[in-house]
Amino acid sequence: MNYKIILSAVMSFIMLLPVCAAVTAYADTENQSVGEQIEEYVSKHSDTTAGMCVSVFNKTETIYSDYFGCIDLENNIAADENSVFEWGSITKLLVWTSVMQLYEQGKISLDEDINNYLPDNFLNNLTYDEPVTMINLMNHNAGFQETPYNCFLPLDRLDRLEPLEETLSKYQPSQIYEPGTVTAYSNWGTALAGYIVERAAEKPFYEYVTDNIFKPLGMERSSLKPDYSDNEFVRTQWDKLTGYRPDNVPVPFAKKYAGLYPAGACVSTLDDLTKFGRALLSGDNRIFKNPATYELFFSPTSTYTYNGKEIPRNCHGMWMIPFEHPCFGHSGNSGICSTYIILDTQNETGAVVMTNQGGEEVYNIDMMKMIFGEYDPESYWGTTPAAPGGSYRCARTILKGGLKLYSLEFISFIGSEGLFFVTDDSTGNVLTATTDYIKTPESVRIFEISITMLWIISVLLCVIMILIKLVQKIIKKEGRPLGRWAVTLMISEIAVIPFGIFIGLNAMRNELPADGFFWAFYVIFALTVIIGLLAVSGVILLIKTEMKKRTRAFNMIVLSTAVISAVNIIYWNLCVFWIT
């Protein structure tokens, strides 16, 4: 698989790929030339630009800042200093900054079991005895699987917005990895850390951030409250914002409220995000009182090791992604915006990019390479890591519960030279920027693909046989010997599919609350019981009843489709309504 395919897979499934880079352009060029380079780059890509704003700064001042394109192409509303954009997952840095503030005050320990900060029996999703710590949440290696439930709310369903405690407790993702062993990017884990901040600070998370980050830094045009009702300017400007695809096609229905808002809901102007970035870069005492807290914040909590060298992977929630040399920060993707904040502590410079295009790469990735220098594996490892063979499954997936079928995705790293990754010698897993890829035995891959293909074939066969039976009944012609037992069994098998599709579409689109479609798991469970009972009765029928060879053959075919359907339903957990 080539570089573009792998990058596309990471961007589409994870949706929130953080990028940091080393700003080397400022070491040898004048400030004016930096702006000229950016403007020349923008002019080359104006045809695919909706709205974009960018700032480059050092510890004391903004080196360059400008706005391009429109926040609403149809109404020709230009992007300017009053425009607001969604931070997406950059919001997570507000969580980790808040955690470090409370750590500095002695209210939160980074190494204690997080159950010490939660209500009794709050977490019912833990599988392993190893305690989960705040460091695990920061490193995204607490072991939680992905969960799409109630992450976002349609604009017309603000009534569904619940307090953070209720949102987190209602649908808890299963813990599928032992804490500290596998990195799997987790919005739910970050939101859980935000809830711990709430309990330690004794106020809602958005109020804490407003009082302890926004106000001290003069970020008057920023809002983190899920409906933005605490800042009239932000709310008014956000209503004007239209989101687009990278090809400038509008995506109006992608604009939503965030249920797990601490993981990705902040909205602000470019100037305010720049203020936040500069404060982190400069060690501003309005955020942390003790300079040692900044030093700790930027120290590694997880690392990559390869070829005898060790480099940071995560620093208390800030990711490192290598360009010319390691930097720190975060990216963000919402349905309508893509953003980046990049802090180069080595050259004491930073950059912020904000666009109203979901999954945008021209500015959020490629322009950053132009500014900060491209990743050269030899400068990190002294050689280019060889692409590992075999198949891999993204660790950020669902392995338990009714959405397990989403784990049926395998990738190969063959032909991926130049893409940043490290192979873990002890596990064989591939470690990338924000998540691991689990080495999967070829036998597992073949088995899962085979049973799924057989399921598709068996359901299609059931549809065909029922249609033939229906036609024969209409024309009153005796044909293939399919009795009521066989027809009922095949209808039950077919019925599972639309309910499964209904669940999958609603889980990923978030058009309904989980309560609005979770009932379908109970229906599939009931259908599974019916399939099982009918299959058993079919076996008894075949054993005890005399029948023609042709009739027996058709009944055995129907029985085989039932076995295939049952195996898939059970293996893919479609009937498991008790696991979320």
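Starting from 1, each residue takes its place in the sequence as its number.
- Taking the six-membered ring for Trp, F122 and Y195 have ring centres closer than 6.0 Å.
- Aromatic ring centroids of W485 and F554 lie 6.0 Å or more apart.
- Formation of a donor-acceptor pair under 3.5 Å by the S89 side chain with backbone atoms of G264 is not found in this model.
- Residues E86 and S334 have side chains that bring a donor and an acceptor to within less than 3.5 angstrom of each other.
- No donor-acceptor pair closer than 3.5 Å links the side chain of K439 to the backbone N or O of G428.
- Remark: K404 qualifies as a cation-pi partner of Y571 under the 6.0 Å distance and 45° angle criteria applied to the six-membered ring.
- Side-chain atoms of T561 and E493 form a donor-acceptor pair, as typed in the model, at a separation below 3.5 Å.
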Does the pair K170 and E162 meet the rule for a salt bridge (charged side-chain N to carboxylate O under 4.0 Å, His left out), with working shown? CA-CA 10 Å; K170 211 166 192 178; E162 299 175 320; 3.2 Å; yes
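- With ring centers used as reference points, W519 lies under 6.0 Å from F502.
- N429 and D436 are not linked by any side-chain donor-acceptor pair at a separation below 3.5 angstrom, with hydrogens and angles left out of the test.
- Separation of the Y363 and Y340 ring centroids does not fall under the 6.0 Å cut-off.
- Using a 3.5 Å distance cut-off with no hydrogens or angles, the side chains of T133 and N136 do pair a donor with an acceptor.
- No close placement of the Y522 and F525 rings is indicated, their centers lying 6.0 Å or farther apart.
- For the pair L164 and P262, the tightest heavy-atom approach, listed with the atom from each and the gap, is CD2-CG, 3.6 Å.
- You'll find the ring centres of H140 and W188 outside the 6.0 Å limit.
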Should Y392 and F413 be marked as a ring pair (Phe, Tyr, Trp, His ring centres under 6.0 Å) after you check the CA-CA gap, both sets of side-chain angles, and the distance that decides it? CA-CA 8 Å; Y392 295 81; F413 284 86; 5.5 Å; yes
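- Between E360 and R245 there is no salt bridge, since no side-chain nitrogen of the basic residue lies less than 4.0 Å from a carboxylate oxygen of the acidic one.
- Judged purely by distance below 3.5 Å, without hydrogens or angles, the side chains of N248 and Q357 pair a donor atom with an acceptor atom.
- With 3.5 Å as the limit, one finds a donor-acceptor pair spanning the side chains of T301 and N139.
- Aromatic rings of Y149 and Y171 (six-membered ring for Trp) have centroids within the 6.0 Å cut-off, being under it.
- A donor-acceptor contact closer than 3.5 angstrom is absent between the side chains of W572 and E448.
- Judged by distance alone, the side chains of S302 and N314 never bring a donor and an acceptor atom under 3.5 Å apart.
- A cation-pi geometry, defined here as NZ or CZ lying under 6.0 Å from the six-membered ring centre and within 45° of its normal, holds between K255 and W238.
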